[in-house]
Every structure is written in structure tokens, then in C-alpha cells.
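Worksheet: the structure to be examined is printed underneath.
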Protein chains: 2
Amino acid sequence: MSRTATSNARAPRADARRNRDHILDTAEQYFSKHGVGGSLDAIAKQAGVGAGTLYRHFPNREALLAALLAARDEALMSRRDELRTKAANAADALDGWLEALTEWAGAFDGLPDPLRAAAATSTSPLAVTCEGFITTTEEFLHAAQRDGSARKEIRARDLFLVALATSWVRGAALADGASAAALAGITRNGWELNPSRTRGVSPTTVD
Amino acid sequence: MSRTATSNARAPRADARRNRDHILDTAEQYFSKHGVGGSLDAIAKQAGVGAGTLYRHFPNREALLAALLAARDEALMSRRDELRTKAANAADALDGWLEALTEWAGAFDGLPDPLRAAAATSTSPLAVTCEGFITTTEEFLHAAQRDGSARKEIRARDLFLVALATSWVRGAALADGASAAALAGITRNGWELNPSRTRGVSPTTVD
DNA sequence: GGCTATACGGAGACACTCCCCGTTTTGTCA
DNA sequence: TGACAAAACGGGGAGTGTCTCCGTATAGCC
């Protein structure tokens, strides 16, 4: 009981903070190049620290990923705020949010898998992040459902999983922009009700 | 040139065939329990053969999976034939086929991942299987597009990937039947055009 | 300058994939 | 039936990865 109630632990040592940051930087690079499955020991070596140091800071791959994604939270939050205020209508807002989520989940190759697992288990550092974004999804979804532009039977969690799944598919449909667009279209048609705008699909040439 | 043109290799030895079958049986059980990520050495041990024997028959995990799935091909084919003849219309046929694919991809935990990879690379024993099913998907999709019940811009490969993705999501949404139904609904609304039947979604209670 | 909590690093236990090669088994042909 | 060559077996071991443990180093404080 000798510590303050607000911060139960004392401030980290300077070298600890330095190493942590360095590991994070290295992991960011490494996962970008090799996907989330990249060797953790290799990251430690490349960061110039021992394996023990890496595992002390991040007990497992998920913890490391969670820390990496935390750095992106802010961007996603500001995107949310932007959609809240600037979207033309609730449907576009929801669509924009799902696209933002899909991109977020595509930050590293293979990222959708641990995210999906986290969304199911809730006993993972990633789970907290996921739950937060599901709540935001719910906000946008409810708004769209209230004004009749989204189907009533759809739940936010399912839509979140759809965004992850879209990202998952994109990881395979390499270099095929058409697939990404097709997926987005299928998803939007999937949840949308009474589309107000005749969206771009021109009747075009018959053959 | 001393062999017959039709079968370039001689018949396998009796013990080889026996071991192969035994490995397959064991792998079926093992993957069912532990998912497709289960240890191959453990399968060999449980099957009572050496690791070398397993790897001689199936050079890698994908080859083993492909052999396991081959045993299921027949069931899927007969489902296809059933849908061809008994489905009320092209849309229901396509829907039924996609559901069959989704179930097929859910045979083992984690199966969608190698399937997705195979659908992209085409240099894997699983790729052949995937391509075959994509072709069938194309058949059902074209029929639906011809009679105006499926959107024109959708491609068979994308729909195949959607089926895999649905299976992938189901792997997470454990024991939640509602999610499975929701996903199926989103998918169908995603590709369907001018739904002829007012499908079950009752306007129901307002709150 | 010295003391202690904190943090470091890397050796090593354990697991998994996959190759290699000496040994065993099978099928065939006299 | 016996013997021989091809086919197949099995498991040791190299390579790679995860994660722990503990002797050593160092930052921060008095």
C-alpha cells in the first residue's frame, strides 16, 4: 500500500523505455515485410536486444501486435470523428467506417487472424481493442438502422467480423483491385436497405 | 518407354497403401480435434509410422489436406448435381452451392487459410481442388446472372472467396448460430438482384 | 560512491518440420 | 521355394522457432 492508487507501478527505467520503443520500431518494419508470423527472436536480434528483453516487454506475439496497433488507434479515432461529422448520411458513414476497419486490419499481412481470434476469446490484449471498435461499429450501425438504411437483423459484431474477413480475403487476392471493389460492393449490398443513391454500377454494354 | 502410357508408375506396394490409408484416417481424426495446424509428427506417431513415411506419402501439410479433402469431393459433387436438378431457381441454386462450399471449408478448424492461399498461388495440391470448385461456382453464378437474379459485376472467384471467408468467420463466432445466419444473409443480399421471394425477414416487433 | 531494485542477454529446454540413409519388406522370377 | 532388386520404412538429427531462467549489468537514489 505504499504506492499511489492511480499508478500502482513506478515509472519504467530509461533503458527499459528505450528498448521497448526500439523493439516496437523494429517489429513494425519486420511485420510489414514478413507478416505477423515473422520470427520474434529475429526481431529481438534485429533490434539489438536479447530474446529475454523482448519477451519481458511483450509476453507473446499478441501483446506485441496490440502495442503496435495502439499506435494506430488515434488515426482510426479521428477517421471516426470525421465520418461522424462529414458523412452525407448514415449509410455512407457506416460504409466509410467499415472500409476504415478493413484497411486497419490489413496493416500487416496475416493480421486478421489474431484479430478474429481476439474478437472471440476476450482474453487477449487485442480483445480490448476489438471490443472498442465493435462498439463504434454499433454506433454507426444503429444510426443507419434508425434511418432505415441498414437491415434491422444485422449486428455490429457480425459487421466487424465482415470487415476482418474482407481484409482476410484481400490478403489473398493479391494485386487484384477488382476483387477488393467487388468485396466492398457485396458487403454494402449485404447490409444496406433501400439504397438512396443509384450507385455507380452502370448498366453499360450488354456483352 | 517400357511402361504403359496410361499409368506411368507401377502399382504401389501393399504396405505402402496400408500406411497411406492409416495416415489418412489418423490425420482426419487429428485435424478434426486439433485443427489443420496440428503437429504432423504427432500424426505419424499416432498412426504408428515414422515421420519419414508420412513425409514420403505427403510431402507437406497441404498435400495431406488435399488428400483428405479429395475424400469429400464426391459428396460435394453430388450436392452440385442435386442443386442443378432440384433447386427452385438459379438464385436458390447458387445460394445452396455457396452454403455447401462454406460447410466444406469448415471441415477442419483453420482450413480456410490454406484454401485461400491455394486459391491465390495455384502451385499447391489444394489449388487444383479450388479451381475446380471455382468453375462450378461460375456455372451457378452465370445461370443466376443470365436470369437476372445475380448482379452482373460479380465474379465467381470472388464468390468462392466469400464462401471461404464465411467459413473463416464461423470459426471464430463459436457456438453462435445467429452469426452464421447473419453472414449468410449478408452474402445473399450482397450478390442477389431483384429477390423474387420476400424472404423471411419479418418486420417484427419494433423494439 | 555505494546500494538495491530493475532490467538485460543469451544459453538452453522444448517443439516442430523435414531430410537423409542404413535397414527391412515386398513382389517377382527362376 | 529361395534369392534378389526395387520399394518402402523409420527414426536420428539438422535447422528453425518459442519462451524461460538466472547470472550479470546498470539506472536511479541516498
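Labels below follow one simple rule: chain letters A, B, ... track the order of the sequence lines, proteins then strands, and each chain is numbered from 1.
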For [X] and [N], is the shortest distance between a side-chain N/O and OP1 or OP2 below 4.0 Å?
| X | N | answer |
| --- | --- | --- |
| B:Ser39 | C:dA15 | no |
| A:Arg61 | D:dT18 | yes |
| A:Thr53 | C:dG9 | yes |
| B:His57 | D:dC9 | yes |
| A:Arg56 | C:dC8 | yes |
| A:Asn19 | C:dC8 | yes |

Mind calculating the distance between [atom1] ([X]) and [atom2] ([N]) to the nearest angstrom?
| X | N | atom1 | atom2 | result |
| --- | --- | --- | --- | --- |
| A:Arg20 | C:dA7 | CZ | P | 12 Å |
| A:Leu54 | C:dG9 | CG | P | 11 Å |
| B:Arg17 | C:dG27 | CZ | C1' | 15 Å |
| A:Ile23 | C:dA7 | CD1 | C1' | 11 Å |
| A:Leu65 | D:dT18 | CG | P | 12 Å |
| B:Gln46 | C:dC16 | CD | P | 13 Å |
| B:His34 | C:dC16 | NE2 | P | 10 Å |
| A:Ile43 | D:dC19 | CD1 | P | 12 Å |

Parallel, tilted or perpendicular: ring planes of A:Phe160 versus A:Trp104, cut at 30 and 60 degrees: tilted
Plane angle bin for A:Trp168 and B:Trp168 - parallel if under 30°, tilted between 30 and 60°, otherwise perpendicular: parallel
B:Arg18 side-chain proximity, nearest of D:dC19, C:dT26, D:dA8: C:dT26
Nucleotide nearest A:Leu40 when distance is taken to its side chain, options D:dA7, D:dT18, C:dT17: D:dT18
Residue whose nearest DNA chain C nucleotide is more 5′ - B:Gly38 or B:Asp15: B:Gly38
Closest-nucleotide ordering on DNA chain C, the 5'-leading residue of B:Gly37 and B:Ala14: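 Closer to the 5' end of DNA chain C: B:Gly37.
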Donor-acceptor pair present, B:Arg13 side chain and C:dT25 base, under 3.5 Å: yes
Base D:dC19 to side chain A:Asp41, donor-acceptor N/O within 3.5 Å cut-off: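 Answer yes: a donor N or O sits under 3.5 Å from an acceptor.
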Carboxylate-amine/guanidinium contact B:Arg116 B:Asp113, below 4.0 Å: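 No, B:Arg116 and B:Asp113 are not salt-bridged.
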Residues B:Glu74, B:Arg79: salt bridge by 4.0 Å N-O rule: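 No, this pair does not count.
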Sugar-phosphate only, base, or nothing, as touched by B:Ala51 at under 4.0 Å among non-hydrogen atoms: base
Sugar-phosphate only, base, or nothing, as touched by B:Pro12 at under 4.0 Å among non-hydrogen atoms: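 Sugar-phosphate, no base atom in range.
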Close side-chain approach of B:Arg13 to B:Arg18, heavy-atom, < 4.5 Å: no
Any side-chain heavy-atom pair of B:Pro114 and B:Leu126 under 4.5 Å: yes
